[in-house]
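Residue numbers begin at 1 in each chain, while the letters A, B, ... track the order of the sequences.
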Amino acid sequence: MAYNGDEPSLSSMTIPFLSGLNPEQREAVTLPRQSALILAGAGSGKTRVLTMRIAYLIQTGQASPHGILAVTFTNKAAKEMLVRLSALLPINTRGMWVGTFHGLCNRMLRAHHRDAGLPALFQILDNQDQLAAVKRVLKSLNIDDEKYPPRQVQQFINRNKEQGLRAEKVEAYDPHTQRLVECFAAYDVQCGREGVVDFAELLLRSYELLCAHPELRKHYQQRFQYLLVDEFQDTNRLQYQWLKLLAGESSAIFAVGDDDQSIYAFRGAHTGNMAELERDFSVEKVIKLERNYRSHGNILNAANALISYNQQRKGKNLWTDDSAGEPIRVFAAPTDHAEAEFIVEEATALAREGTGLSGMAVLYRSNAQSRVLEHALFRAGLPYRVYGGLRFFERQEIKHALAYLRLLANPDDDGSLLRIINFPARGIGARTLEQLQDLAASQGLSLWRAARLGALGGKAGSGIKAFVQLIETLGDGSRDLALPEIVEQVLEHSGLLAHYRQDKQEEDRLENLNELVNAAAVYAEEYDGGADAELAASLAETSGWGGPVLAAFLTHASLEAGEHQADGSQEALQLMTVHAAKGLEFHAVFISGLEEGLFPHENSMMEADGLEEERRLMYVAITRARRRLYLSYAQSRMLHGQMRYGVASRFLRELPENLLKQVGGWDDYAAALPPQIAPTRGQAPGHTTRGQAFRVQPSSHASDHPFSIGQNVLHAKFGNGVIVNCEGHGSDARVQVNFRDAGIKWLALEYAKLLPA
DNA sequence: ACTACGAGACTTTTT
DNA sequence: GTCTCGTAGT
């Protein structure tokens, strides 16, 4: 829908694509060179603004593609941006620095690996690899992994790195923490020795590289005059410091985010970065994108009312030109199975009416909930797809194959060697391994170098010799081969194929291994050596086999774990956690398991910001829906092998009652509901009009005052708030307002001076 | 070197 | 309830 407001500015006359933007979007896109914070609500055209901003800067000659850095959190978002950008501009996107934080840091480290103190072909550890590495450290330090669970040590390391802290900088006053710091330090030493880098290290190393090399820093600062950040509310401290360092004096940061959709505090996201950005970069104007192009009015009003219960907010309210649409359907089920059956029935009915199955999503708070849903869907024969779980490059057989390849690229990678030295089994047992490890430790060599000495005698020695022979043959054989052939060779000669062929039940794994060859072929096809010129140049100094293509492919495998499930083409109902649904939208959405303790999750109550983060999560869930929204909960549910009896989630009570409609035929449900959401008589909701944000007319009792649920209001004493409930007529009319600062209050309209805001 | 059994967890997760 | 992981036994 084109904006038909004021006279088109000069820029929109010369740049045709700007005409499709609303005034706020256009203001953001055409901002002069200054740092800015764009608060972009759900469905407000965030990605569009981001890509158009880049296109605008290039089109108007303010920047060259070379001078732009745009950073996202996921590969998907980065790809999306590049695709949209190349649709807007006929430019070669290859030279542009558009990617994930980790991808860009990797790129920088590859180019300056020497200054960063890394080998040219450093390997990247994913979570699994890192955990394995931590376990080895604990073993080498003789640390009891009962008292120091590897997972906790891993988290300790990552948390600190994400704060920008090295082991020596961590403050440790108690013996337990001191021990953890020791592990941290030893882990980093081990990684350095083996030439491997974990995810957090990519960022920290890149940050330190820029800190320690002023010329380099200046180079990048001068190059990147425009830095654009997506999902800014999800950045952690280190990421923000990295951006700050890269921005320098003259560059402008364009940060897009939504504090109401911050759902990753648990993994280190620091919302405070928004305030810090405003201060550090003297942001003059915060632009809010509040017009929503996705959802019907009722859905938006529900989301607005819910999120108004949060105290920690920048304050932002979505509105739409669209009609109110249908009421939100609420279903109370006696059991989790009944809940699942209800969802199956409704989805089937919707599908019969013509809604594509893939346009519907069932969302839940925790993965464990998918089981019951899957069971019901399977019985009904309704195709479905579950997101989450193992990704392609995380599968056991793929990791084994990659470990062989990694050992070829970087023979000092002990982790990879250990993974495959006896897989498939080739008679190298624990005993032999111990000898080898002792030898390596005493000589200060990597396991591979120790193995190659041929110093071990007897049966152990011959086993090792055979392995060394195998790897050397694979390595030498790889010299003249293209990437997919190298992979094929490795699969065949390592015995991996033979191993999985033995087992009838392992057929999937064989298929995956073949898929790996395909993936390598596709990658080799798209590979552009130019982007890795620095890497190619530095190859001569390495002892590894395989060319830059292999190294790049391995990086790709670590940085981009691949699809969750192989067959994404089929029409199927989408099942996923609320977290996984962020950024997606569906015609119809089912939010299931709305019970106290589940959603909001009980474990979240321990944390300071816990409940508010859960509420933001619910906000994200609601705003995924375009046209239809179902909310359901079960009064009893099997959890941890025990029957649990649940109470309806407080989030249901926080939604304006007149937007909801009870559905389903369970006789007793009304009695079971909290009084606030008793079944509504008559049809709900009015409409939402442009300009007057989410204006809803409660239809059951026509109001004689200008206020309605969901509306923003201003009170002389209590400040800003949102109406969450209305009742009475004339002089009896009262409204319940959730004030941002003053909490929830009932106000009699006759006395309270309430202004629409 | 492989299988079997028991103990313990079990919120959300991208890179 | 069910999955993973580690150890003990064959």
The ring pair (Phe, Tyr, Trp, His ring centres under 6.0 Å) partners of F392(A) (sequence neighbours excluded) come to none

[X] near the nucleic acid: base, sugar-phosphate alone, or nothing, with a heavy-atom cut-off under 4.0 Å?
{"X": "Y264(A)", "answer": "sugar-phosphate"}
{"X": "R391(A)", "answer": "sugar-phosphate"}
{"X": "D198(A)", "answer": "nothing"}
{"X": "K582(A)", "answer": "nothing"}
{"X": "D126(A)", "answer": "nothing"}
{"X": "N75(A)", "answer": "sugar-phosphate"}
{"X": "F266(A)", "answer": "base"}

For this session: Might you work through the side chain to side chain contact (heavy atoms under 4.5 Å, CB included) test for L611(A) and S604(A), ending with a clear yes or no?
Result: CA-CA 6 Å; L611(A) 180 62; S604(A) 71; 5.8 Å; no

Min and max contacting nt of DNA chain B in 5' to 3' order, chain A heavy atoms within under 4.0 angstrom, are dA1(B) to dT15(B)

Partner of R313(A) under salt bridge (charged side-chain N to carboxylate O under 4.0 Å, His left out), picked from D609(A), D258(A), D260(A), D259(A), is D260(A)

Which class fits the ring pair [X] and [Y]: parallel under 30°, tilted 30 to 60°, perpendicular over 60°?
{"X": "Y264(A)", "Y": "H579(A)", "result": "tilted"}
{"X": "F232(A)", "Y": "Y240(A)", "result": "perpendicular"}
{"X": "F553(A)", "Y": "H556(A)", "result": "parallel"}

Cation over ring face, R110(A) and F122(A), 6.0 Å, 45°:
yes

Residue pair G427(A)/H579(A) against DNA chain B: nearer the 5' end by closest nucleotide is G427(A)

Taking for N422(A) and for A561(A) the nucleotide of DNA chain B with the nearest heavy atom, the one nearer the 5' end belongs to N422(A)

Notebook entry, point to check: Please walk me through it: do Q239(A) and H270(A) pass side chain to side chain contact (heavy atoms under 4.5 Å, CB included)?
Noted result: CA-CA 10 Å; Q239(A) 284 158 343; H270(A) 179 56; over 6 Å; no

For the P atoms, the ones on dC5(C) and on dT12(B), what distance do you get once it is rounded to whole angstrom? 16 Å

Value for CG (L209(A)) from CG (L109(A)), rounded to nearest 0.5 Å, stands at 6.5 Å

5'-most to 3'-most nt of DNA chain C touching chain A (<4.0 Å, heavy-atom partner on protein side) reads dG1(C) to dG6(C)

